[in-house]
Amino acid sequence: MARYDPAEIEPRWQAAWEAAGSFAARHDPDRPKYYVLEMFPYPSGRIHMGHVRNYTMGDVVARYRMARGHAVLHPMGWDAFGLPAENAAMERGGHPAEWTYANIADMRDQMKPLGLSIDWSREFATCDPEYYGQQQAMFLDFLEAGLAYRKAATVNWDPVEMTVLANEQVVDGKGWRSGAEVERRELTQWFLRISDMSEELLEALDGLENWPDKVRTMQKNWIGKSRGLQFAFSTVGAPEGFDRLEVYSTRPDTLWGATFAAISPDHPLARHLERHDPAVAAFTAECRRTGTSEAALETAEKVGLDTGLRVRHPFDEARELPLWIANFILMDYGTGAIFGCPAHDQRDLDFARKYDLDVIDVFESLKEPAPVADIAFVPPKTEPVRYVRGFAGPEVQTGAEAVEAAIEFCESRGVGQGVTRYRLRDWGISRQRYWGCPIPVVHCPTCGVVPEKKENLPVALPMDVSFDQPGNPLERHPAWRQTVCPKCGGAATRETDTMDTFVDSSWYFARFTAPRAATPTDPAEADYWMNVDQYIGGVEHAILHLLYSRFFARAMVQTGHLPAKCREPFAALFTQGMVTHEIYQTRGDRGRPVYHLPEEVENGRLKSGGAPVEVIPSAKMSKSKKNVVDPVNIVRDFGADTARWFILSDSPPERDVEWTAAGAEAAFRHLGRVWRLAADLDAAPESGNPEADISLRRAAHRAIRDVTDGIEGFAFNKAVAALYTLTNALREAEGAGRGCRAEAVRIMAQLMAPMVPHLAEEAWQLAGGAGLVAATSWPEADPALLTEATVTLPIQINGKRRSEIAVAREADRAAIEAAVMADPAVQKVLAGATPKKLIVVPGRIVNVVV
RNA sequence: GCCCGAGUGGCGGAACGGUAGACGCAGGGGACUCAAAAUCCUCCGCCGCAAGGCGUGCGAGUUCGACUCUCGCCUCGGGCACCA
């Protein structure tokens with residue numbers, strides 16, 4: 001007997017789609033367009049289950065929208081610049097380009113058998129000179145528009161390798177290869193003025209209604225708008241030029257609790273002091289031996305050094321506070337100087353206790369007033385508290401009120417002014433690396449920094465480079481740097497910094513609308529296809545990638561590369577969860593863990609040798625833990641449809657999904673049953689009994705409703721469950737006739753086409769459908785088939801379910817009440833008395849309160 | 001350290017503030033088979049013979065009614081600006 005054979009079915013239908021040109025995006029002004037985009041992959045060389053999940057979800061949306069009559073754009077490309085290619089070149093020789101393009105070819109070959117509805121004619125990689133040349137053209141426009149500039153910024157410097165390290169390459173404050181203590185070092189670097197758009201990027205978040213709230217919240221917090229007071233302390237004993245010290249505080253209401261002032265080790269005053277005082281120099285040098293990441297700075301032990309200088313309290317000239325240098329003050333935020341109020345800030349309190357500084361309470365709790373001991377009193381700003389050392393406003397007020405009152409009071413006395421600040425910093429895009437988009441400017445000894453001419457673009461990366469030593473090969477290339485000044489024609493050198501790879505991924509979505517255009521975008525194409533209607537990717541990109549893209553879209557609008565409607569390029573965002581798997585380990589020498597691939601393990605034992613394995617609970621699939629399942633093997637063993645079906649079933653898309661071998665096999669068995677339902681249609685009786693027919697039709701139409709709701713609501717697990725229910729109905733519909741069954745199978749084929757497209761085509765054909773199911777319109781549910789005449793109403797007594805009654809769907813309240821009172825369980829409890837309350841929610845529930 | 005999430009049977013999960021556990025996996029029992037696979041039937045939150053009781057990470061609260069709302073915890077995960 002014939003069996004479900006995906007190895008035969010899947011290539012056949014992929015060829016059919018190809019022949020029909022089913023997935024070519026066609027600019028059709030007469031049809032509504034729909035742009036589905038999954039975050040494009042980094043070409044590591046192997047696709048993993050996370051990719052399968054991401055692209056399957058996008059494929060469901062894309063195929064569903066096609067069936068809904070949209071002109072769909074569903075492209076794919078490669079985020080191809082970045083560190084791993086350089087690391088590969090260092091470790092095994094060869095050129096990053098060679099490694100990258102070979103990986104792209106491999107990954108494309110792994111992806112195509114998944115049967116995704118991608119328009120491959122639009123594919124590109126960000127390392128294509130054609131792409132990054134257009135990026136350079138935009139950079140020049142940004143530069144001219146004042147959106148790009150240079151300033152000094154700190155980097156992680158490895159003093160042994162003499163190279164800049166990425167945060168990821170700094171492990172416990174040491175270089176990952178050299179093990180040398182990392183130093184912070186200042187370099188002049190290129191920046192994009194994202195901070196100028198802080199307010200706009202913040203306000204526009206409200207309009208992103210189809211983004212997850214959590215992503216909007218994260219971006220809001222990242223932008224970090226704050227209202228505070230900026231004022232200057234006058235200093236005592238400070239060197240010339242430092243007689244005033246500007247500080248910023250979001251809690252000026254605690255000014256009377258200030259017991260010290262502190263500056264960043266990178267503050268100009270600290271830098272001045274270190275030149276004259278060896279103790280200060282030693283301390284600031286120590287502070288700089290930390291990575292540049294905020295997590296590293298925040299988790300480092302809080303240390304400080306008393307400069308011996310003092311500042312005067314602005315409202316009491318006689319009161320002097322010690323001035324410290326402290327490692328937790330960030331030069332990038334505010335003015336790089338603060339006043340410390342230990343009573344109402346835990347970090348300040350820890351610092352004060354450590355260095356024996358005073359703690360002065362400013363306000364206390366209304367409920368249980370007590371002086372601060374080891375835990376700072378930091379109530380929500382909305383909670384009213386009693387000010388014992390307030391200086392503006394009433395004695396009892398909230399923190400928020402007190403802050404505003406303090407700002408007003410200080411301004412009226414000429415002590416500082418209220419200011420609005422943002423945590424968001426300008427975007428540093430300089431990277432001292434080879435494998436990135438060269439920044440197209442020239443350094444001329446006479447003209448300074450000069451933009452390259454657009455006709456000279458792309459400034460292409462030289463191919464004759466070596467990676468046998470650390471550092472940027474562009475710096476030591478014998479000829480590449482040498483060029484002529486575009487302005488004066490004299491000898492000049494090229495910029496050797498390349499761009500952050502986040503730049504590459506900040507506009508690829510726009511390039512997909514016209515991937516071969518001679519300019520970064522084509523206005524007509526961008527106008528038709530933009531914006532992205534549904535963007536899908538990992539939540540790990542919630543802040544940086546998405547915020548940079550939002551900024552870039554605005555910058556592109558400003559420089560004429562996108563129409564004005566593109567300021568928010570992603571109309572809807574969906575963030576998917578990870579794919580996880582159990583970890584299998586045995587113990588090697590001295591108890592060290594040895595990890596094993598899932599395919600090496602069977603029934604809790606190693607296939608070879610039979611040693612028992614420890615099972616560690618699921619975690620994100622990672623090569624180092626070997627808890628990875630290669631999609632290529634799954635497709636080979638079960639077919640793409642099984643991989644797609646499993647990855648969509650069970651877990652809601654936004655949550656993590658656990659891959660299990662049993663689940664994959666079960667998915668395969670289910671698809672086999674579905675195939676058999678279609679293949680065995682001929683065995684059904686020519687005509688069935690009317691009751692079975694109508695009940696099957698009802699089941700099919702309920703499935704239309706439920707699958708449609710599931711897809712529209714991004715609850716693919718629920719759509720899958722509805723399809724299981726329909727399959728069960730078909731299997732149980734013994735009395736239904738052949739025609740009715742075939743109709744149900746065709747509906748099932750249409751409903752499952754977005755998820756398991758190959759099997760859907762096969763079932764469609766077996767059930768007598770004409771043409772490709774990929775070319776049919778989405779079925780409509782008949783409302784008449786969705787409603788039942790009677791409903792079952794649960795009866796609660798005091799909130800606990802005790803009984804149920806069947807009533808007509810249209811039954812009114814009085815009829816329901818009568819039926820409830822007649823119910824034996826109710827009568828037993830009431831014993832003749834009247835209920836205290838009778839709550840009737842028609843169609844839902846009844847609650848009798850006695 | 002800071003910001004954001006998530007916690008429901010043995011497992012993945014379902015549930016406009018209204019019958020907790022849809023649908024599936026695993027498992028038990030049975031049919032078919034020389035046997036196995038496949039397939040089919042059936043049981044399946046926990047305690048209890050039963051009546052019944054208890055159950056959505058923990059502790060309070062709001063409500064006729066809380067997985068769902070509020071507050072306080074615990075655990076796990078994501079991000080923290082040079083990983084992508």
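Chain A is the first sequence line, chain B the second, and so forth, proteins listed ahead of strands; every chain is numbered from 1. The shown structure was predicted, so the numbers you read here are calculated from the model rather than taken from an experiment.
- Side-chain N/O atoms of A:D158 and A:T163 include no donor and acceptor closer than 3.5 Å.
- Contacts of A:V841 with the nucleic acid, taken as non-hydrogen atoms under 4.0 Å apart, include base atoms.
- Environment of NZ in A:K220: sparse, with no more than 12 heavy atoms of neighbouring residues, nucleotides or ligands closer than 6.0 Å.
- Stem list for RNA chain B (at least 3 consecutive Watson-Crick or G-U pairs, distances under 3.5 Å): B:1-7 with B:74-80, B:10-12 with B:23-25, B:27-31 with B:39-43, B:45-47 with B:52-54, B:57-61 with B:69-73.
- More than 12 heavy atoms of other residues, nucleotides or ligands sit less than 6.0 Å from atom CD of A:E91.
- Residue contacts for A:R802: at a heavy-atom cut-off of 4.0 Å it reaches the sugar-phosphate backbone alone, with no base atom in range.
- A gap of 13 Å separates the P atoms of B:A50 and B:C44, to the nearest Å.
- Toward the 5' end of RNA chain B, the nearer of the two residues A:K837 and A:T725, judged by each one's closest nucleotide, is A:T725.
- Rounded to whole Å, atom C1' of B:G1 lies 11 Å from atom CG of A:L330.
- B:C80 and B:C54 are spaced 47 Å apart, taking the P atom of each and rounding to whole Å.
- Under the rule for a side chain to side chain contact (heavy atoms under 4.5 Å, CB included), the partners of A:M49 that lie at least two apart in sequence or sit in another chain are A:V52, A:V579, A:M621, A:V629, A:P631, A:I634, A:I647, A:W659.
- The nearest whole Å value for the distance from the NZ atom in A:K302 to the P atom in B:C2 is 9 Å.
- Electrostatic pairing of A:R288 and A:E186 does not count as a salt bridge here, judged by no charged N lying under 4.0 Å from a carboxylate O.
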Look for any protein N or O under 3.5 Å of an N or O in nucleotides 38-45 of chain B and output each such pair with its distance, or none.
{"from": "B:C40", "atom 1": "OP1", "to": "A:R731", "atom 2": "NH1", "distance (Å)": "2.2"}

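- A salt bridge is defined here as a Lys NZ or Arg NE, NH1 or NH2 lying under 4.0 Å from an Asp or Glu carboxylate O, and A:R184 with A:D266 meets this definition.
- The residue A:Q796 sits close to a base: some heavy atom pair falls under 4.0 Å.
- Look at CZ on A:R801: it is 10 Å from P on B:U19, rounded to the nearest Å.
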All N/O contacts under 3.5 Å from nucleotides 82-84 of chain B to the protein, with atom names and distances to one decimal?
{"from": "B:C82", "atom 1": "OP2", "to": "A:R431", "atom 2": "NH2", "distance (Å)": "2.7"}
{"from": "B:C82", "atom 1": "O4'", "to": "A:R431", "atom 2": "NE", "distance (Å)": "3.1"}
{"from": "B:C82", "atom 1": "O4'", "to": "A:R431", "atom 2": "NH2", "distance (Å)": "3.3"}
{"from": "B:C82", "atom 1": "O3'", "to": "A:N167", "atom 2": "N", "distance (Å)": "3.3"}
{"from": "B:C82", "atom 1": "O2'", "to": "A:N167", "atom 2": "N", "distance (Å)": "2.5"}
{"from": "B:C82", "atom 1": "O2", "to": "A:R433", "atom 2": "NH2", "distance (Å)": "2.7"}
{"from": "B:C82", "atom 1": "N4", "to": "A:Q189", "atom 2": "OE1", "distance (Å)": "3.1"}
{"from": "B:C82", "atom 1": "N4", "to": "A:S430", "atom 2": "O", "distance (Å)": "3.4"}
{"from": "B:C82", "atom 1": "N4", "to": "A:Q432", "atom 2": "OE1", "distance (Å)": "2.9"}
{"from": "B:C83", "atom 1": "OP2", "to": "A:N167", "atom 2": "N", "distance (Å)": "3.4"}
{"from": "B:C83", "atom 1": "OP2", "to": "A:E168", "atom 2": "N", "distance (Å)": "2.8"}
{"from": "B:C83", "atom 1": "O4'", "to": "A:E168", "atom 2": "OE1", "distance (Å)": "3.1"}
{"from": "B:C83", "atom 1": "O4'", "to": "A:E168", "atom 2": "OE2", "distance (Å)": "3.3"}
{"from": "B:A84", "atom 1": "OP1", "to": "A:L83", "atom 2": "N", "distance (Å)": "3.2"}
{"from": "B:A84", "atom 1": "OP2", "to": "A:T501", "atom 2": "OG1", "distance (Å)": "3.4"}
{"from": "B:A84", "atom 1": "O3'", "to": "A:D79", "atom 2": "OD2", "distance (Å)": "2.7"}

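- Straight-line distance from the CD atom of A:E294 to the C1' atom of B:G79: 11 Å, rounded to whole Å.
- Not less than 6.0 angstrom separates the ring centroid of A:Y535 from the ring centroid of A:F509.
- Across B:G57 and B:U68, the matching C1' atoms stand 16 Å from one another, rounded to whole Å.
- The two residues A:W427 and A:D500 come nearest to each other via the heavy atoms NE1-OD2, 3.0 Å.
- When rounded to the nearest whole Å, the span between CD of A:E658 and P of B:G13 equals 9 Å.
- Within 4.0 Å of A:A542, counting heavy atoms only, lies no atom of the nucleic acid at all.
- Nearest nucleotide to the A:K718 side chain, out of B:C64, B:G24, B:A14: B:A14.
- A salt bridge is absent between A:K214 and A:E654: the closest approach of a Lys/Arg side-chain nitrogen to an acidic carboxylate oxygen does not fall below 4.0 angstrom.
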Could you list the protein-to-nucleotides 72-77 of chain B atom pairs, N/O on both sides, closer than 3.5 Å?
none

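- Taking atom CD of residue A:E383 and atom C1' of nucleotide B:U70, one finds them 15 Å apart after rounding to whole Å.
- As a whole-Å value, the separation of A:L547 CG from B:C3 P is 19 Å.
- Atom P of B:A66 sits at a distance of 10 Å from the matching atom of B:A20, rounded to the whole Å.
- A ring-centre distance under 6.0 Å is found for A:F668 and A:Y4.
- At whole-Å resolution of the value, CG in A:N847 and C1' in B:G17 are 13 Å apart.
- At the heavy-atom level, A:N728 lies under 4.0 Å from the strands shown only through sugar-phosphate atoms.
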Could you write out each protein N or O paired with an N or O of nucleotides 4-9 of chain B at a distance under 3.5 Å?
{"from": "B:G7", "atom 1": "OP1", "to": "A:R655", "atom 2": "NH2", "distance (Å)": "2.9"}

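- The environment of CE in A:M162 is sparse: at most 12 heavy-atom neighbours from other residues, nucleotides or ligands sit within 6.0 Å.
- Nucleic acid contact for A:I795: none, since no nucleic acid atom lies under 4.0 Å from a heavy atom of the residue.
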